[in-house]
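Structure first, then comments.
Numbers restart at 1 for each chain; the letters A, B, ... are given by sequence-line order, proteins then strands.
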Number of protein chains: 2
Amino acid sequence: MIGVAREVGWVRIGELATATGTTARALRHYEQAGLISSERASNGYRVYDEQAVVRVRNIRHLLAAGLTLDDVRVFLPCLDGDVAAAPPSDQGLRVALERLAVLNQRIAAQTEARDRLEAALRRATGGRIRPAV
Amino acid sequence: MIGVAREVGWVRIGELATATGTTARALRHYEQAGLISSERASNGYRVYDEQAVVRVRNIRHLLAAGLTLDDVRVFLPCLDGDVAAAPPSDQGLRVALERLAVLNQRIAAQTEARDRLEAALRRATGGRIRPAV
DNA sequence: TTCAACCCTGCCGCCAGCGGCAAGGTCAAG
DNA sequence: CTTGACCTTGCCGCTGGCGGCAGGGTTGAA
């Protein structure tokens with residue numbers, strides 16, 4: 001096949017990887033972590049629909065935000081773009097609230113750290129530096 | 001000895017640990033990483049001067065700011081006294097700026113993630129929830 | 001037919017920042 | 001003299017997010 005699947009509506013793992021800027025290895029890892037799923041072709045190859053691209057991109061975004069795979073799992077219902085499909089169950093809500101609190105905590109801690117670093121830099125350079133924000 | 005060394009001008013590892021809110025284990029780790037050094041008493045015990053307290057606190061600050069041990073090593077010349085005390089090297093500045101940028105990125109991404117989650121929650125609950133911030 | 005480019009599972013490795021434990025030595029207090 | 005609080009070195013373990021390799025199978029193209 002070698003790279004022609006674009007118009008068929010499905011992709012295999014390699015293509016999904018390059019399309020999302022990751023690796024096949026990482027994608028298998030996400031699948032094992034329960035973040036994505038895949039159909040299988042008759043030969044055993046993983047087959048993804050095009051939604052997967054969005055989904056994986058969202059995952060990567062959250063990971064880049066400093067979330068763990070576990071954290072990301074909480075966002076699963078929202079990962080396919082439709083935010084209205086968010087956690088309907090009480091349990092889901094509770095988990096989501098917890099995660100929200102954790103996120104806020106982390107943001108606060110990192111913001112504090114950043115401010116300290118920035119202040120130190122300013123002192124160290126006599127205010128001669130304007131850090132690119 | 002049991003806790004009386006305060007007026008002697010030197011401390012052993014346990015005291016340094018509690019004084020800096022870390023553990024002896026971590027301090028040995030920092031030493032092995034080349035971030036701090038120690039004299040040795042005749043019995044082999046590590047002996048630190050009181051400067052070490054400041055030094056370790058600064059190290060912890062930088063670590064809390066999201067730097068790695070490797071990053072911190074670059075700041076070694078500045079680690080005694082106030083961080084602003086010694087003129088930081090160009091390399092130190094560069095690392096700090098890089099780290100600052102990374103921190104800002106993460107904070108932004110996480111804030112975005114949080115906002116999305118919060119919005120989703122609000123929609124999912126019809127605005128009935130006021131997440132504790 | 002044979003090659004190269006894919007794909008599969010499974011497992012070990014790596015980095016960071018320590019934690020924890022074993023197996024000892026040291027020293028002051030009781 | 002014993003206890004126990006402290007110290008030493010050394011090494012294995014853990015978490016997270018993969019990387020990489022071995023040892024296979026499946027295609028499409030030349």
Side-chain angles (χ1 to χ4, degrees), chain A residues 1-6 8 10-48 52 56-74 102 106 109 113, chain B residues 1-6 8 10-48 52 56 59-74 95 99 102 106 109-110:
Chain A
M1 281 164 192
I2 306 188
V4 184
R6 279 270 142 60
V8 201
W10 55 270
V11 276
R12 290 190 318 201
I13 198 167
E15 209 173 349
L16 181 57
T18 63
T20 56
T22 70
T23 63
R25 182 66 186 79
L27 293 178
R28 292 192 198 102
H29 186 62
Y30 296 161
E31 178 171 326
Q32 203 196 327
L35 299 188
I36 57 180
S37 60
S38 56
E39 305 295 308
R40 294 302 180 111
S42 54
N43 55 10
Y45 289 11
R46 285 173 181 84
V47 170
Y48 302 91
V56 171
R57 285 211 180 117
N58 280 331
I59 291 176
R60 293 241 106 198
H61 202 90
L62 293 176
L63 287 179
L67 301 196
T68 68
L69 290 184
D70 264 18
D71 293 338
V72 173
R73 198 173 298 117
V74 176
V102 170
R106 285 194 194 162
Chain B
M1 281 168 189
I2 306 186
V4 185
R6 281 269 142 59
V8 202
W10 55 269
V11 276
R12 291 189 316 201
I13 198 168
E15 209 172 351
L16 181 57
T18 64
T20 56
T22 71
T23 63
R25 184 64 186 79
L27 293 178
R28 292 191 196 102
H29 186 62
Y30 296 160
E31 179 171 326
Q32 203 195 323
L35 299 188
I36 56 179
S37 60
S38 56
E39 305 295 307
R40 294 301 178 111
S42 53
N43 55 11
Y45 288 11
R46 285 174 181 83
V47 169
Y48 302 92
V56 170
I59 290 177
R60 293 241 108 196
H61 278 321
L62 293 177
L63 288 180
L67 303 198
T68 68
L69 290 183
D70 263 19
D71 292 339
V72 172
R73 198 173 297 117
V74 179
V95 169
R99 280 297 157 177
V102 169
R106 284 201 188 158
Q110 274 183 296

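- Using a 4.5 Å cut-off on side-chain heavy atoms (C-beta onward), Leu69(A) and His29(A) make contact.
- Arg28(B) meets the side chain to side chain donor-acceptor pair (under 3.5 Å) test with no other residue; sequence neighbours excluded.
- The end-to-end axis angle of the helix from dT1(C)-dA30(D) to dG30(C)-dC1(D), rounded to 10 degrees and based on five pairs per end, is 20°.
- The separation between Arg46(A) atom CZ and dT26(D) atom C1' is 15 Å, rounded to whole Å.
- Taking 4.5 Å as the limit, some side-chain heavy atom of Arg46(B) sits within range of a side-chain heavy atom of Arg40(B).
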Next item on the list: Between protein and nucleotides 15-26 of chain C, map the contacts as a letter string: B base, S sugar-phosphate only, - none, heavy atoms under 4.0 Å, written 5' to 3'.
Entry: --BBBB----BB

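- One atom, CH2 of Trp10(A), and another, P of dC6(C), lie 13 Å apart when rounded to the nearest Å.
- Under the side chain to side chain contact (heavy atoms under 4.5 Å, CB included) criterion, Ala109(B) pairs with Ala65(A), sequence neighbours left out.
- Glu39(A) has its CD atom 17 Å from the C1' atom of dC8(C), to the nearest Å.
- Side-chain atoms of Arg57(A) come within 3.5 Å of backbone atoms of Ala19(A) as a donor-acceptor pair (strictly under, hydrogens ignored).
- For the pair Ile36(A) and Tyr48(A), the minimum side-chain heavy-atom distance is below 4.5 Å.
- In this structure, CD of Glu31(A) is placed 17 Å from P of dG17(D), rounded to the nearest angstrom.
- With rounding to whole Å, Arg28(A) atom CZ is found 15 Å from dC11(C) atom P.
- In this structure Thr68(A) satisfies the side chain to side chain contact (heavy atoms under 4.5 Å, CB included) test together with Asp70(A), Asp71(A), sequence neighbours excluded.
- Distances from the side chain of Ile13(A) to the nucleotides dT8(D), dC6(D), dC8(C) place dC8(C) closest.
- Of the candidates dC6(C), dT8(D), dC6(D), dC6(D) carries the atom nearest the Arg12(B) side chain, counting heavy atoms from C-beta on.
- With sequence neighbours excluded, the residues that form a side chain to side chain donor-acceptor pair (under 3.5 Å) with Tyr30(A) are Arg60(A).
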